[in-house]
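We're numbering straight along the sequence, starting at 1. Keep in mind that this is a model prediction, so the values were computed, not measured.
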Amino acid sequence: MESLIGLVNRIQRACTVLGDYGGGDNNTFSSLWEALPSVAVVGGQSSGKSSVLESIVGRDFLPRGSGIVTRRPLVLQLHKLETGSQEYAEFLHLPRRKFTDFSLVRQEIQDETDRLTGKTKQISPIPIHLSIYSPNVVNLTLIDLPGLTKVAVEGQPESIVQEIEAMVRSYVEKPNCIILAISPANQDIATSDAIKLSREVDPTGERTFGVLTKLDLMDKGTNALDVLEGRSYRLQHPWVGIVNRSQADINRNVDMIVARRKEREYFASSSDYGHLANKMGSEYLAKLLSQHLESVIRARIPSITSLINKSIEELESEMDHLGRPIALDAGVSALNL
């Protein structure tokens, strides 16, 4: 039986094909996308956002570089397979091609981004849909958004800062959006771009999950317990700490599954975080989000069903108003002769 998350994935893909991709001013079926619960990943540049996503997936697959790397929303749909199954990825815009080499997935994301934005550093609200099938993931859908920034880089208009914030805000301000706010632990949480924005659109913290990265890079003798235990900034959901691969690990192509094991060992052996070890790490975060997303979808099923039926009725009414295709009318008339 198809999971609820899988069902919403199919509806999202259909919406995108029909020109509705959320986070924009499109008006065809726009309310249908907005009615679908989703998890938007928000963070400033260099917050560790890409590393968190790759750790959740267990694969290197995202473009890396300086400046703004994510320039189109990436709708990342994860599908759990049975143990021992081969991992592969598929893009909505390349429906008949399976990718088993994830370095080619990275290149395709870059190429598909450039197809719309050119080789410039412009951004586009039109998403890329990527489905990953693997025994190392949970059923989950995440929308990776461009990193929030304060300064335009060379080749970008000064307005890029406001354009990125407007795009991100258009996703996270929707009441059905779950916000995954990623902040680095080696910076003051009060200056976090992700927390600042989530506080504006979700002041009660009901839709926000806080993620604290780079715990291992904090100054010696300090820790992030005030944040992780909710004393610095309280959310309705628990904060989750993450330890990403170091740049040296990335340069050495350390396997993501090995990195997951090292992350578990870090928390289990930590004098600061050992008592929280079973509620820390990327694997725990993925399960937490999957369970929450499914519960939100289950609660929204009646309203989603009602909206789909309403959309069908409106389309049928418009078709009746426009009249049937001439070829169909001619065919019916011929049968009646």
Quick check for you: to the nearest 0.5 Å, what is the distance between [X] atom [atom1] and [Y] atom [atom2]?
{"X": "I5", "Y": "K80", "atom1": "CD1", "atom2": "NZ", "value": "12.5 Å"}
{"X": "N139", "Y": "Q77", "atom1": "CG", "atom2": "CD", "value": "11.0 Å"}
{"X": "T113", "Y": "I123", "atom1": "OG1", "atom2": "CD1", "value": "12.0 Å"}

Legend entry - Contacts of R261 that satisfy salt bridge (Lys or Arg N to Asp or Glu O under 4.0 Å) - sequence neighbours left out: E265
Legend entry - Listed partners of R115 passing salt bridge (Lys or Arg N to Asp or Glu O under 4.0 Å), at least two apart: E112
Ignoring hydrogens and angles, write down the donor-acceptor pairs under 3.5 Å from the side chains of residues 206-215, residues two or more places apart or on other chains.
from: R207; atom 1: NH1; to: V172; atom 2: O; distance (Å): 2.9
from: R207; atom 1: NH1; to: K174; atom 2: O; distance (Å): 3.0
from: R207; atom 1: NH1; to: C177; atom 2: O; distance (Å): 2.7
from: R207; atom 1: NH2; to: V172; atom 2: O; distance (Å): 3.0
from: R207; atom 1: NH2; to: V201; atom 2: O; distance (Å): 3.1
from: T208; atom 1: OG1; to: D202; atom 2: OD2; distance (Å): 2.7
from: T213; atom 1: OG1; to: S47; atom 2: O; distance (Å): 2.6
from: T213; atom 1: OG1; to: S183; atom 2: O; distance (Å): 3.4
from: K214; atom 1: NZ; to: S46; atom 2: O; distance (Å): 2.7

Identify every side-chain donor-acceptor pair in residues 298-305 under 3.5 Å, counting partners at least two apart or on other chains, and give the distances.
from: R298; atom 1: NH2; to: E294; atom 2: OE2; distance (Å): 3.4
from: R300; atom 1: NE; to: N176; atom 2: OD1; distance (Å): 2.6
from: S303; atom 1: OG; to: R300; atom 2: O; distance (Å): 2.8
from: T305; atom 1: OG1; to: I301; atom 2: O; distance (Å): 2.9

Legend entry - ring pair (Phe, Tyr, Trp, His ring centres under 6.0 Å) pairs, two or more places apart, involving residues 258-289: none
Legend entry - Contact list for residues 98-120, test ring pair (Phe, Tyr, Trp, His ring centres under 6.0 Å), sequence neighbours left out: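 Found F91-F99.
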Any heavy-atom pair between the side chains of [Y] and [X] that's under 4.5 Å?
{"X": "I178", "Y": "H292", "result": "yes"}
{"X": "E165", "Y": "V161", "result": "no"}
{"X": "I56", "Y": "L76", "result": "no"}
{"X": "L285", "Y": "V52", "result": "yes"}
{"X": "I132", "Y": "E87", "result": "no"}
{"X": "Q12", "Y": "S38", "result": "yes"}
{"X": "M167", "Y": "P73", "result": "yes"}
{"X": "L293", "Y": "P37", "result": "yes"}

Can you name the side chain to side chain contact (heavy atoms under 4.5 Å, CB included) partners of [X], sequence neighbours left out?
{"X": "Q162", "value": "S159"}
{"X": "S55", "value": "M256, R260, E263, S282"}
{"X": "D188", "value": "A190, T191"}
{"X": "S246", "value": "A248, D249"}

Inset, instruction - Each residue besides L81 in its hydrophobic cluster should be listed here, by chain and number; the cluster joins Ile, Leu, Val, Met, Phe, Trp and Tyr at side-chain heavy-atom distances under 4.5 Å. - result: Y88, Y133
Inset, instruction - Supply the members, apart from V254, of the Ile/Leu/Val/Met/Phe/Trp/Tyr cluster built from side-chain contacts under 4.5 Å; use none for a lone residue. - result: V258
Legend entry - Pair E108, H93: side-chain N/O donor-acceptor within cut-off below 3.5 Å: yes
Check [X] against [Y] and note the closest heavy-atom contact, atom names and distance.
{"X": "L235", "Y": "G205", "answer": "CD2-CA, 4.2 Å"}
{"X": "T117", "Y": "R71", "answer": "OG1-NH1, 2.6 Å"}
{"X": "R72", "Y": "I126", "answer": "NE-O, 2.8 Å"}
{"X": "G48", "Y": "N244", "answer": "O-ND2, 3.7 Å"}

Legend entry - Main-chain N/O of G44 paired to K150 side chain as donor or acceptor, under 3.5 Å: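 Checked: no pair found.
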